[in-house]
Structure formats: structure tokens, C-alpha cells
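After the C-alpha cells below, expect a handful of questions from me.
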4 protein chains.
Amino acid sequence: MARTIGSHGPKTMEAIRKAGLRLIFEHGYAAMSLRQLAAEVGIQSGSLYNHISTKQELLFELIRDHINELLRQLDRALQGQERPADKLRAFTAFHVSYHMTRKREVFIANSELRSLEPKNYEEIVALRGAYERRLAEILSQGVAEGEFEVVDVQVATFAILALLTGLTTWYRPGGRLTKEAIVAAHEKLVLSSVAPGTTPNQAQAKRPLSRSAATSAKPERR
Amino acid sequence: MARTIGSHGPKTMEAIRKAGLRLIFEHGYAAMSLRQLAAEVGIQSGSLYNHISTKQELLFELIRDHINELLRQLDRALQGQERPADKLRAFTAFHVSYHMTRKREVFIANSELRSLEPKNYEEIVALRGAYERRLAEILSQGVAEGEFEVVDVQVATFAILALLTGLTTWYRPGGRLTKEAIVAAHEKLVLSSVAPGTTPNQAQAKRPLSRSAATSAKPERR
Amino acid sequence: MARTIGSHGPKTMEAIRKAGLRLIFEHGYAAMSLRQLAAEVGIQSGSLYNHISTKQELLFELIRDHINELLRQLDRALQGQERPADKLRAFTAFHVSYHMTRKREVFIANSELRSLEPKNYEEIVALRGAYERRLAEILSQGVAEGEFEVVDVQVATFAILALLTGLTTWYRPGGRLTKEAIVAAHEKLVLSSVAPGTTPNQAQAKRPLSRSAATSAKPERR
Amino acid sequence: MARTIGSHGPKTMEAIRKAGLRLIFEHGYAAMSLRQLAAEVGIQSGSLYNHISTKQELLFELIRDHINELLRQLDRALQGQERPADKLRAFTAFHVSYHMTRKREVFIANSELRSLEPKNYEEIVALRGAYERRLAEILSQGVAEGEFEVVDVQVATFAILALLTGLTTWYRPGGRLTKEAIVAAHEKLVLSSVAPGTTPNQAQAKRPLSRSAATSAKPERR
DNA sequence: GATGAATGAGCTTTCATTCAT
DNA sequence: GATGAATGAAAGCTCATTCAT
């Protein structure tokens, strides 16, 4: 990939983002050196600075742009859905599909938050919170309407997101299953997981879950 | 100067492991410097080498010891369970409980596999495969006995593991929920997720899933 | 900060080689630190790596380039000489002269072979063998034509080379003797040493010296 | 060799000297680590300090003891010889024989002088000077009596010593030649080298060689 | 006399970043 | 916009040496 010697202009920036995405995905932000990145792009490491301001900024922009796009597309995917189950199915289908085509962006946005400097971290976490809230609200609505049953909405939100995002660790194009099959498999799991039924045993929260606590607790960086 | 009075060998090793666990959990393996680690332990960085052979070896042993312990305890937790639902509940309860007390080990064992050198990586992935296989077999049995319904056992295995392991990214002792509540919340989600019901739409695998492909595919490092 | 004005690439490389030569000559390869070398050149130690790839590579190239040059010039010096005595005189004069102007290179090429990694060592020893073979052949020819008398050609070859190369341990420009006097002194010693005469006492080799054994024995790294 | 676990007392000291000799011979003083040495002896590196005071002191004593022994034995070997040729033959035979049985000591005493700290260096060089002077005096006497002819006594002294000492770089027991043959080969070379004959071309010293200049010049460390 | 664990300095090498050209 | 050469800090690791046990 890349390495088109002499590439310049916006093409170079694009190559940097692409290569950066791949290298961070494979080795992690801290383990990726700008020399590696530059070599991948086919330029000297000093030349990177004609396009990026710092390594940190590159990471930040990759993540921020990704989450913004994710949010934009999620809202489009949810449009027109009214009933909680439909919303949840749409959410799941969108999430899985998106993760299959952008697995590197998604993976990095989840795994490299700790590599962000505080200011950047805050900004990204706020955006991520918006995404999580979409799901939390779907679940809350479903519970309120009696369509869903969960022990705890907050836990269910995190669990379902983890379930769906786990995809990025094993999915690869051209595998055994079609994309549709993978989407279907996840829809089944997610929709069933919150379906009403015999709850194993009744557990109590130590404290009631206030609306804000549900999403803004942030006890530590995660 | 020689050794500070009162600091002993095994105690130092234990301090190194503990601090290493914390630092890798917080910053990642690549971003943790041995100087940091040594400072945390209260010795010079060169002194670490009286206890570890390399940074890589430290990571490897932390992960390997963790997975071995995990496997050992899992098998004990599953003892005596016969029906798939009971097994799955036991698996879930054990997994969640264990992850709450050893969240750093668990997190690292999942996130730092890519930091392992090939030989070490192979060894850990083999161990991890054993763990995954326990769950895959529970699901298979449940499906065969008509107790569970999943679109694809392999996908369900990965998804459920991801769901459960996601816990490590947000759990912290002293939070809003009791441990029991957290376990219960996950039991509900997991048991429901594979419960028979209306599968959204029928999807087909491109290829049938052979037994071995299910667990040994390893298309790329994950 | 960036580069100091006026310091250029090739000039820096040349300064590194020159300073490296001197430091290795004075302290030995293992005892020379790259910090020392960099300080000598007037740059930071990390900056060395814009010019060399490793410390080992620097040593290797210094030695290899030297031996290649030595061989090239030797062959020129021997051109036109027919009789063994003339060849031997030419060899001696060339060797001594060259060693007086390049004593550091010569010394290092002899004393630091053990510091070379196996692959580099093999390459250099092969080149050195070519040089030794020139002298061995001159002696053989002289013995065959009855002009020289030696107890053993192989021993004589090594001994004469050692005699000549010893120069590097004491020669310094501006000493008591002119270069010409030093050359003459060595010519006398070398030519006399193989002159026919009364051999002290007749000694026997345990085994006859095969042609190949003479030059390829290499019992151990030397 | 060595590694007799639990060896103690004078036996350990002897093992240290033996192993040190070998390691310095093979890798050089700077490149030999005390950990290596200790491992060879079968103890921990800290334990070395029950026997040596510093690494430098070990080197110094190895060299000093060697040269003292060399001088002692040389004087015994020269006893009873009157005529310069007989003395030179005896010197050569002794030197070669001794170098064959103690090649490591000899090699180190020549190659590691630069690794000695100034004070130690001075002491060793003084001893070495005594050894060189024996040969210089033999040559001077021979020249004075008309038995030898050399262009310059000083140069001849250094050259003959280099010739003889070169042995340590290639000799190994069990090689093609008997010890006697090797001695004979060197006797022929050395005695012939100073034999009167047609001096190639008459060269002049820039300055006459004063008695003291011949041996105490020491223009630089060599 | 040996050990094991420590020190503090030092090693070679890599890093992100800068900037004259 | 790219290069090549620089910086200064820091990396993982090794070193000779010390000393309580």
C-alpha cells in the first residue's frame, strides 16, 4: 500500500491517515513510530510534519473524525424507527455493518482512548457518550414500554456495546460468513438478550440509577 | 550501595508484578517504561533485571499465569453442572466474578496480545483457545439439545465473551451496583441472548462451520 | 534544534570515520563509546545514526574499506617485479610505507577482528587471506627458484607479516628516523631473513604442508 | 573448564585467573564482563570480590606476574651464552617456546597494555622495557663485534620482537608442525635477518641513536 | 566464601520533533 | 512539499561494584 514515491498534496495526507490507521490498529499508538509511518507512506519522517502537527494530533483527529461520522450515520440509520425493538435492531445492524467496513477506526477509537492527552480525551469521551446514550435511551424506552427486560440499563448498554464491538477483534473480509449472516447473528443475540422472560434471580442495586449517573459517572478513564 | 534493609527478593518480585499489572493496564505495555515501573517499586531500573529477564518476558508471564489460573478456576466452577443452561449460567457467573476481582489481568490478557513476540503469542493464543472452547462447547451442546438458539455458534461464542469481558473497561469496586447485581445483570443478558425465540431473519453461512475451523481459523492475529 | 549551519552530510560522515579510527586505535572498539565518538565529532550520539547503521557496521566498514584499499595498492606496487627478491623488496617497501601513513587502519584491521560479528569476520578474514597469499606466493617462488631458504613457508609468511605490522605499535611521524630509513631497515631484515645460508638445525614438519593447508587452516579465529 | 560449583579458597582464585586469561584473550579486557567471568568460574559475580579487588587489578596482576616470570626465565635461558649469535639463538628459542606454552598471557601482555590505568601502565611498560633491552643489547653487541648487521638496532629490536610475538596469533597445540620445527623456523628467520650481507641500500638516520633514546623514547603509549 | 539484591552510571539505539536547504 | 541532518530526551538493558545475609 501507499509508498507512491513523490505523492503529494491531499493524496499524501490521505496516505498518512490510511497507513496510520493500519499501523495503530496493528501495533498500537505507542508502539507505532513516525518513522514506520513515514516509510509506509514513502516519505521521510520529517516530511510528515508538512501534514500533521504532532503524532498525538494525528491520533486525535483519526478518532474524532471517526466518531463524528459514526454518529452522523447512526442517526440516519435510526431515522423512521419508532418501536424500541425496531430501533434496537436498526442500531445493531448499523453498528455491526459499520464495524465491518471500518474495523480499524472502530478498534482504535475504543482501544486508544488512554493514549489521548487529557484535553483530547475529554472531547472524545463526550462524543462517545453521545453514542452510548443513543443505545441507553433505546433500552430505557423499551423497558418503559415493557418490550425489554434488563436488570440494569447501564450495564446492559455497556454489555451490548462490548458485544457488538468485539467484532473488530475477529472479523476479516472473506471469512466463512457473509456480512448478512454476521449481522443476523448479532441481531438475534442482542434482541434476545433484552427480551422479557424469566430473570434468573432478582438482584438489587445498592443505589437507584439516576439519569445522569448512568452515563456520566466516569469513575476512571476507560 | 547495596540493598536497602528490609527489602527482600520475593517481595520485590511481587511488587514488580503488581506495579507492572497496574501500569500496563493504565498505559499499555508499549507506553510503560521500565524506569516508571522501577520507580513505582522503589528501586533503580537496572535492579529490575535481578527479577525479570526482559520486559517482554514480564508481560508474557503475567498473561500466561493469569490464563492458567483462569482456566483452572473455570473448570472448578463448571464442575457438577450438567444442563447447558446451568453450565452457561455458571460460566457467566464465574467469568464476571473473576473479571471483577482481576480486571487488570483480564484486560491485559485481552488487549496486549499484539505486544507479544510471535513465540509467546502462539502460546497464549493456544491457552486462550482452550478457554473459548469451553464456552463454544456449552453453546453447541445447548443448541443440540434444543435449549439454545443461535445463528452461529462461533459468532455467539465471540460475542458473549466480548460482552462479558467488556466489564473490565468500566467496572470499579465501590460503584453503584453490588457485585451480585452485576453478575445477575450479565446472567440475564447472556442466558436470554441464546434463548430460543423468533430469529429475526434467516441467514445462511457461505460455508458450513467445521468443528476445527470454529476454533483454529486464526485468519490473522487478534 | 535543527542542524548547525555549515555542517554537511558527507563532511560529518568523514569526521565520524576519522574520529572512529582514532578512538578505536587508542581505546579499542569495545572501550570506545558512541557518546565519546559523537562528542569528538561535535554532535549528539543519536545523530550518529543519520550516518551509520550500527557501531558494528562502522567497525566493519572501516576495516573492509581499508583492506580493499590495501590490496589494490599492493597489486600496483608489485607490478613489473619479476624476481622473487625484487617482489619481496617491493612488498616490504610497500607494506612499511603504507603502514606508516595508515597506521591506525592497519592496527585496527589486525587487532579488532575479534570484535567483528561472525558474518563480518568471515568476510574480512577472506580478504586478509588474499593479502597473506601474495606474500606466501612470493616466498614459495623464491624457495622454488633457490633464491630463498626458509624452514617453513607458512611460518615465514606469518612471521614476516608480524614483523612488518609491528611497526604500527611504535611508529609515529616526526620520530628519530626518516621514513626511508625505516623502510630500509625493514628491507634488510626481511630480505636477509629468507636468504639462503646455514640453517641452524634441520627440523622436520610432522606433516607436509599442502598448498591449501598453508592458507586455509584457520584452526581458530585469529 | 572450571565451573566446579562450590570450589573455594585458592582453587577459586586460580580458576578466576585461568578463566580471566581465556576470556580476555578471546574477547578483550573491555569486552569481557565480570558476569561472564563469574559464570565461567561457577560463582556469582559479587563473589569475585572475595578474590579480586577490581577488574583492573585482575588484568594488572595477570600481566605483571606474566612479565616477571618471563624475565626470570629469560635470564635463566641466556645463562652461559657468550657469543651474540648464541645469545640470539637462545633468546629466540626461549621466546618462541615460552610463547607456545603461555600464548594467552603473552598475547594479553601485548594487546591489553592500553587497558591499563596510567599507574599500572607505567609499571608494566618498565618491565617490558627490561625485556626489550635484553634483546637490544644482544643486537648491539653483535653489531659491535661484527657478527650482526642491521640498519638500526632499535628498529631491529622491535621488528624481531614483533616477528616472534606474532606466533601467539596463530599457534595452536596439535597443529601441523612440531614445537621444535616452529622453533627452528623462527631461529632461521631471526638469525638470518641480522646476518651480515649486502644491505639493500644505504639509509641514514636523521639523528644518531643515543643509548637512552633507543629504549626510553616512548613517544606515545604503545 | 558465597549469595542475591541492590546501586548508579553507562551502554547502544530509537524516538518525536525541528529546520535550513 | 520533501529531504537530510540535527536535537535532546528517553528507551531497554548491562556494567562494575557493594554489602547484609
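Worth saying up front: this structure is predicted, and the values here are computed from it rather than measured. Here is the naming used below: chain letters follow the sequence lines, and residue numbers restart at 1 for every chain.
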Worksheet entry | Minimum-distance nucleotide (side-chain atoms of Ser33(D) versus dA6(F), dA16(F), dA2(F)) | dA16(F)
Discussion item. Can you measure Gln56(B) atom CD to dG12(F) atom P for me and round it to whole angstrom units?
Written reply: 12 Å
Discussion item. Is there, by distance only and without an angle test, a donor paired with an acceptor across the side chain of Arg35(D) and the base of dA16(F) below 3.5 Å?
Written reply: yes
Item to complete: Would you please test Lys55(B) and Tyr29(B) for side-chain contact (heavy atoms from CB on, under 4.5 Å) and show each step?
Response: CA-CA 9 Å; Lys55(B) 188 189 180 190; Tyr29(B) 171 77; 3.6 Å; yes
Item to complete: Taking all non-hydrogen atoms of both residues into account, name the closest pair between Leu21(B) and Ile108(B) and its distance.
Response: O-CD1, 3.4 Å
Item to complete: Figure out the NZ/P separation between Lys55(D) and dA9(E), and round it to whole Å.
Response: 19 Å
Worksheet entry | Candidate nucleotides dT17(E), dA5(F), dT3(F), ranked by approach to the side chain of Asn50(C) - the nearest | dA5(F)
Fill in: Distance in angstrom units between Lys11(C) NZ and dG4(F) P, rounded
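Checked: the NZ to P distance equals 18 Å.
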Worksheet item: So, Ser115(D) and Glu112(D): side-chain donor and acceptor under 3.5 Å apart, yes or no?
Response: yes
Worksheet item: Between Gly42(B) and Ala31(C), which is nearer to the 5' end of DNA chain E once each is assigned its nearest nucleotide?
Response: Gly42(B)
Worksheet item: Below 4.0 angstrom from OP1 or OP2 of dA2(E), is there any side-chain N or O of Gln44(D)?
Response: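 For Gln44(D), the contact criterion (side-chain N or O under 4.0 Å from OP1 or OP2 of dA2(E)) is not met.
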Fill in: Any Thr12(D) side-chain N or O less than 4.0 Å from OP1/OP2 of dA2(E)
yes
Fill in: Shortest non-hydrogen separation from Asn110(B) to Val106(B) and the atoms involved
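Minimum heavy-atom separation between Asn110(B) and Val106(B): ND2-O, 2.9 Å.
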Worksheet item: Over how many whole Å does the gap from Met32(D) atom CE to dT14(F) atom C1' extend?
Response: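 Taking CE of Met32(D) and C1' of dT14(F), I get 15 Å after rounding.
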Practice prompt. Check the distance between dT13(E)'s P and Leu58(C)'s CG and give it to me in whole angstrom.
Written response: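 Taking CG of Leu58(C) and P of dT13(E), I get 10 Å after rounding.
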Worksheet item: Between Ile52(D) and Met13(D), what is the shortest heavy-atom contact and its length?
Response: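 Shortest heavy-atom contact: CG2-CE, 4.2 Å.
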Worksheet item: Is any side-chain nitrogen or oxygen of Ser47(B) closer than 4.0 Å to OP1 or OP2 of dT7(E)?
Response: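 Yes, within the criterion.
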Discussion item. Pick the closest DNA chain F nucleotide for Ser45(D) and for Ala30(B) by heavy atoms, then say which residue is nearer the 5' end.
Written reply: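 Of the two residues, Ala30(B) wins.
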Discussion item. What is the separation between atom CG on Leu37(A) and atom P on dT17(E), rounded to the nearest whole Å?
Written reply: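 Going from CG in Leu37(A) over to P in dT17(E) covers 12 Å.
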Practice prompt. Grab the two heavy atoms, one from Thr54(C) and one from Tyr49(C), that are nearest each other, plus how far apart they are.
Written response: CA-CE2, 4.2 Å
Worksheet item: Side chains of Glu26(D) and Met32(D): does their closest heavy-atom pair fall under 4.5 Å?
Response: no
Worksheet item: Please give, in whole Å, the distance from dT17(F) C1' to Ile52(D) CD1?
Response: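 Rounded to whole Å, this separation is 10 Å.
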Worksheet entry | Evaluation steps, side-chain contact (heavy atoms from CB on, under 4.5 Å), between Phe25(B) and Lys103(B) | CA-CA 9 Å; Phe25(B) 176 75; Lys103(B) 80 169 180 167; 3.9 Å; yes
Item to complete: For DNA chain E, produce a single dot-bracket line, 5' to 3'. Pairs: Watson-Crick or G-U wobble, both distances under 3.5 Å. Symbols: ( ) within strand, [ ] crossing, | other strand, . unpaired.
Response: .||||||||||||||||||||
Worksheet item: For the side chain of Tyr49(C), counting heavy atoms from C-beta on, which of dT17(F), dT7(E), dT14(E) is nearest?
Response: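 Closest nucleotide among those given: dT14(E).
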Discussion item. Using OP1 and OP2 only, check whether a side-chain N or O of His51(B) sits under 4.0 Å from dG4(E).
Written reply: no
Item to complete: Figure out the CD1/C1' separation between Ile16(D) and dT17(F), and round it to whole Å.
Response: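 Those two atoms, CD1 and C1', are 15 Å apart.
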Response to the item:
Which of dA2(E), dG12(F), dT7(E) is nearest the side chain of Leu34(B)? It is dG12(F)
